[in-house]
Amino acid sequence: MATPHMQGQVIIEPLTAARETLWHLVGDMKAGGTLNPVTVVVPSSYAALSLRQDSGRSGMVNVRFIIMDRLAELLGAPGLSAQGRRPMTN
């Protein structure tokens, strides 16, 4: 299945199967320790909230759910800062 450094997309239907697959992949990423951090990029804030609640119920800890905009901000901020620039605001 997944390796600790696997990057890519997994597309699965229906939703229940997708959640089960997600938890399996997260479990694979945490194989070295249950407190290992894992970040999951989700399509919306609502999806992040739903998955965060579900992860808590299933006992998953240290799993972060972020939307693509936030990921781009986190990845781009150091480069902008190094150039003396700031990110655009809404």
Side-chain angles (χ1 to χ4, degrees):
M1 180 91 41
T3 63
H5 300 290
M6 179 180 145
Q7 296 178 1
Q9 250 181 7
V10 177
I11 301 174
I12 298 181
E13 302 261 343
L15 185 57
T16 302
R19 283 183 188 249
E20 289 174 9
T21 301
L22 175 62
W23 300 140
H24 184 72
L25 290 170
V26 169
D28 287 351
M29 299 294 160
K30 292 180 161 289
T34 57
L35 294 179
N36 289 347
V38 174
T39 300
V40 178
V41 180
V42 295
S44 69
S45 297
Y46 297 112
L49 177 62
S50 176
L51 289 169
R52 188 169 30 253
Q53 291 171 342
D54 196 30
S55 70
R57 283 190 290 269
S58 66
M60 291 281 182
V61 296
N62 208 9
V63 180
R64 179 168 64 167
F65 300 93
I66 61 172
I67 59 174
M68 186 60 74
D69 293 350
R70 179 69 177 135
L71 178 63
E73 181 182 328
L74 290 171
L75 294 175
L80 290 173
S81 179
Q83 297 173 13
R85 299 170 58 194
R86 295 177 31 182
M88 293 177 58
T89 59
N90 293 340

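For the single chain, residues carry numbers from 1 onward in sequence order. Because only heavy atoms are used, hydrogens play no part in the values below, and waters and symmetry mates are left out as well, while side chains stay in.
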If we ignore hydrogens and angles and just use 3.5 Å, is the side chain of [X] paired with the main-chain N or O of [Y] as donor and acceptor?
| X | Y | answer |
| --- | --- | --- |
| Ser58 | Asp54 | yes |
| Ser81 | Pro78 | no |
| Lys30 | Val61 | yes |

Roughly how far apart are [X] [atom1] and [Y] [atom2], rounded to 0.5 Å?
| X | Y | atom1 | atom2 | answer |
| --- | --- | --- | --- | --- |
| Leu74 | Asp69 | CG | CG | 11.0 Å |
| Met29 | Thr39 | CE | OG1 | 11.0 Å |
| Arg57 | Gln53 | CZ | CD | 6.0 Å |
| Met60 | Leu51 | CE | CG | 11.5 Å |
| Ser45 | Arg52 | OG | CZ | 8.5 Å |

I'd like to know if [Y] and [X] are part of one continuous hydrophobic network [Ile/Leu/Val/Met/Phe/Trp/Tyr, side-chain heavy atoms within less than 4.5 Å].
| X | Y | result |
| --- | --- | --- |
| Val42 | Trp23 | yes |
| Leu75 | Val41 | yes |
| Ile67 | Val38 | yes |

**Report entry** Ser50 side chain near Arg19 side chain, heavy-atom distance below 4.5 Å
**Finding:**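 Yes, side chains in contact.
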